[in-house]
Structures are given as structure tokens and as C-alpha cells.
Amino acid sequence: DFSKWPEESEVAQLIQIALPLFISAATMCRFIEDPLKDPRDRLRIILENQPASHISVLGKTYLPVFSSILAFEDKSEHAQTVNEFKRLIGPIIILASPLSVSALACLLGIPKSTISRQLSFLTSVIFVPKDKGQPVRPYHQSFRDFLLAAETREETPFWVDGEAMHRHVALCCIRVMERSRTGLRKNLCNIPSYGTLRSEIDREKCSQNISEELRYACRYWIHHLQRGKVALRDGDETHQLLEKHLLHWIEAMS
């Protein structure tokens, strides 16, 4: 019976948790109204998982989301579950430009079915479009800020090491560009004549021959190397990529 639900005292608690950020209220509403979950259980998770007063306002907003992921897991599986989610959440929050589920799967080497399943737990904090070709992105910048903040490391195991994650995504980008059949190569768009002007090449032809994840990798791999503070060395992945594909990369960027 929902006629007397939620109780006034519960509403008052929610208001107190949400102050002073509107994003807190919006996140809690999305969390509670998840059509696949019992709203009473979701409300209980929020109210029972409010941390100590020294925890940040953002922590009080987002920690219940992560508590819900682990709520029905055996404690022996918590570490594996956390690592699996961080493999997805980390890249999503540090990407320079959002990607679709399909492109994320190809870039990160994670099956699309796994990504879709994990995102189903995060619909209150991450926008997941029905069209799988549209980009997945956090609802609010504060979710990224919370997961990357140094103090969050003490609040949840879902904390993301920003530099390490940028290094990981940089390596993923390099691997995408080096793929044998769908990576960088000479005459990537199959142009019939090498004398063709750029203005004569149809944009749709570029899209057909340069996948979403390859476009991302070409544009942003250096960005991730810089943010990850990667020290370049002779013979490393970057050196090998440039030896094989420098001209192909310039062609793709053109």
C-alpha cells in the first residue's frame, strides 16, 4: 500500500540529505523511481546508507548508488564486482567526448551485454539512451568530481584513480588504432585516387570507414597520455604506434 508512503519523516530526511544541491534531489528521484526496482527498497537504501557527518554532500548523494550495487552480492564477490564496475565507470567519467555502448565495448574490450547490464545499475547517475548508437554520459559533472576526488578514496572502493585511468584509456586507444583490419592503414577511406581533394570526400564515406571508437582514439589518445602523465620510452607502445602508423594517423586526422 503506497497511499501513506513515504512517511513525512522520510521526506524530511530526504530534504535534509538533498540540501543544498539540486543534483542530489534529482539523483535520489531517479534512484527511487527505477522501474525495475521496488521504490521502498531504494528509499531504504538511501536512508540506511547515509554516512557520518564528515562525509561530503556529494558522498551522501552518490554513496547509496554504490551501496545498492553491492547490496545483494556475497561479500566474497565484492572486490571482483567493484573492479568490474570501475573498468566501465572510470573510462566513462574521464573520456574527452562521450561514446555509445557499442563504441565503449570496442574501445575497452568489454562485451556490449556486460556494459548494458552494468549500466542498468547506474541509471540514476548515468544517462543511458535507448538508442545504442547514442552516447552514454553522466547526468552531472559532480558525479565525475566525486569519483575522482582524493577524499573519496576513503569513502568507497569505487574511487577512480584519474591518472591510472587515463593511462589505461590511452593504451586502449593505441590498441584500437593498431587493429589489423579495422585500425589505421593507408587509404583508410578507400579513395579511388590519391589526388582527391579533401573537399571532394563525402563525410558519410568517412563515417562508414572510420568507426566511432577509431575516431575517438585518433583524436584523443595524446590527451590521455598527457593526463596520465605517461613517460615516453624507446620501444614502448607509443613508439611502436608512431613507427607503423604516423602517416596513417595524419591521413585519418585529415
Side-chain angles (χ1 to χ4, degrees), residues 27 30-31 34 36-37 42 45-46 48-49 51 55-56 58-96 98-128 132 135-176 213 216-217 220-221 223-225 227-230 237:
T27 300
R30 287 193 295 267
F31 185 74
D34 186 329
L36 300 179
K37 305 294 190 301
R42 305 290 266 186
I45 289 173
I46 291 176
E48 290 182 358
N49 286 276
I55 299 298
S56 66
L58 291 181
K60 293 180 180 181
T61 299
Y62 293 123
L63 287 176
V65 176
F66 296 116
S67 296
S68 71
I69 294 174
L70 301 176
F72 303 105
E73 292 271 355
D74 188 281
K75 287 188 177 181
S76 64
E77 299 175 342
H78 281 192
Q80 180 180 347
T81 299
V82 168
N83 288 333
E84 288 176 353
F85 270 87
K86 286 173 69 171
R87 282 180 62 208
L88 176 62
I89 298 171
I92 286 177
I93 65 170
I94 60 100
L95 288 177
L99 293 172
S100 67
V101 168
S102 298
L104 281 169
C106 292
L107 178 67
L108 303 176
I110 302 175
K112 284 192 288 186
S113 58
T114 300
I115 291 178
S116 296
R117 178 177 58 81
Q118 292 179 337
L119 288 176
S120 69
F121 289 89
L122 299 166
T123 53
S124 59
V125 291
I126 293 179
F127 172 68
V128 185
K132 299 302 181 184
V136 171
R137 54 176 176 76
Y139 276 107
H140 198 268
Q141 175 75 13
S142 62
F143 182 61
R144 175 186 182 278
D145 295 341
F146 170 69
L147 282 179
L148 293 176
E151 56 269 24
T152 300
R153 188 172 191 171
E154 306 301 322
E155 299 178 14
T156 175
F158 288 90
W159 171 77
V160 174
D161 182 335
E163 285 188 13
M165 193 55 63
H166 276 291
R167 291 194 291 271
H168 172 65
V169 174
L171 185 58
C172 289
C173 288
I174 289 173
R175 289 172 177 168
V176 164
E213 66 274 10
Y216 182 91
Y220 297 117
W221 68 286
H223 163 82
H224 291 297
L225 285 177
R227 294 298 180 90
K229 298 182 180 178
V230 176
E237 293 87 353

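Positions are given from 1, in the same order as the sequence printed here.
Closest heavy-atom contact between F158 and L147: O-CD2, 3.6 Å. Residue P138 comes nearest to F143 through the heavy atom pair CB-CD2, 4.2 Å, listed as atom of the first residue, atom of the second, then distance. Heavy-atom minimum distance, W221 versus A170: O-CB, 4.1 Å. Of all heavy-atom pairs between M165 and I94, the closest is CG-CG1, 3.8 Å. Considering all non-hydrogen atoms of both residues, P91 and V169 come closest at CB-CG2, 4.0 Å. The minimum heavy-atom distance between C173 and A217, with the atom names listed, is O-CB, 3.6 Å.
At a threshold of 4.5 Å between non-hydrogen side-chain atoms, the residues I110 and L104 do not count as touching. With a 4.5 Å cut-off on side-chain heavy atoms, L122 and I69 count as touching. Here the side chains of Y139 and T123 are not in contact, with every heavy-atom distance at 4.5 Å or above.
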If you apply the rule side-chain contact (heavy atoms from CB on, under 4.5 Å), what do you find for R137 with I92, and how did you get there? CA-CA 7 Å; R137 54 176 176 76; I92 286 177; over 6 Å; no
As a quick check of understanding, evaluate side-chain contact (heavy atoms from CB on, under 4.5 Å) for F146 and I93, giving each step before the final call. CA-CA 10 Å; F146 170 69; I93 65 170; over 6 Å; no
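Remark: L148 CG to R153 CZ distance equals 13.0 Å, nearest 0.5 Å. From D161, atom CG reaches atom NE2 of H168 across 12.5 Å, with rounding to the nearest 0.5 Å. A distance of 9.5 Å separates CD in E237 from CG in L225, rounded to the nearest 0.5 Å. For the atom pair F85 CZ and Q118 CD, the distance stands at 5.0 Å (nearest 0.5 Å). In this structure, CG on L88 lies 5.0 Å from CG on L119, to the nearest 0.5 angstrom. Within the model, atoms CG of L108 and CG of L95 stand 7.5 Å from one another, a figure rounded to the nearest 0.5 Å.
Residue pairs meeting the side-chain hydrogen bond (donor to acceptor under 3.5 Å, both in side chains) criterion with at least one member in residues 99-117, sequence neighbours excluded, are S100-E212. Screening residues 78-91 for salt bridge (Lys or Arg N to Asp or Glu O under 4.0 Å) gives no qualifying pairs among residues at least two apart or on separate chains.
Not a single donor-acceptor pair under 3.5 Å links the side chain of W159 to the backbone N or O of E154. Judged by distance alone, the side chain of R167 and the main-chain N or O of G228 form a donor-acceptor pair under 3.5 Å.
The salt bridge (charged side-chain N to carboxylate O under 4.0 Å, His left out) test applied to R227 returns no partner, not counting sequence neighbours.
In this model, no donor atom of one side chain and acceptor atom of the other lie less than 3.5 Å apart for T152 and Y62.
The local environment of CD in Q141 is crowded, with over 12 non-hydrogen atoms from other residues, nucleotides or ligands closer than 6.0 Å.
The aromatic ring centres of Y216 and H224 sit less than 6.0 Å apart.
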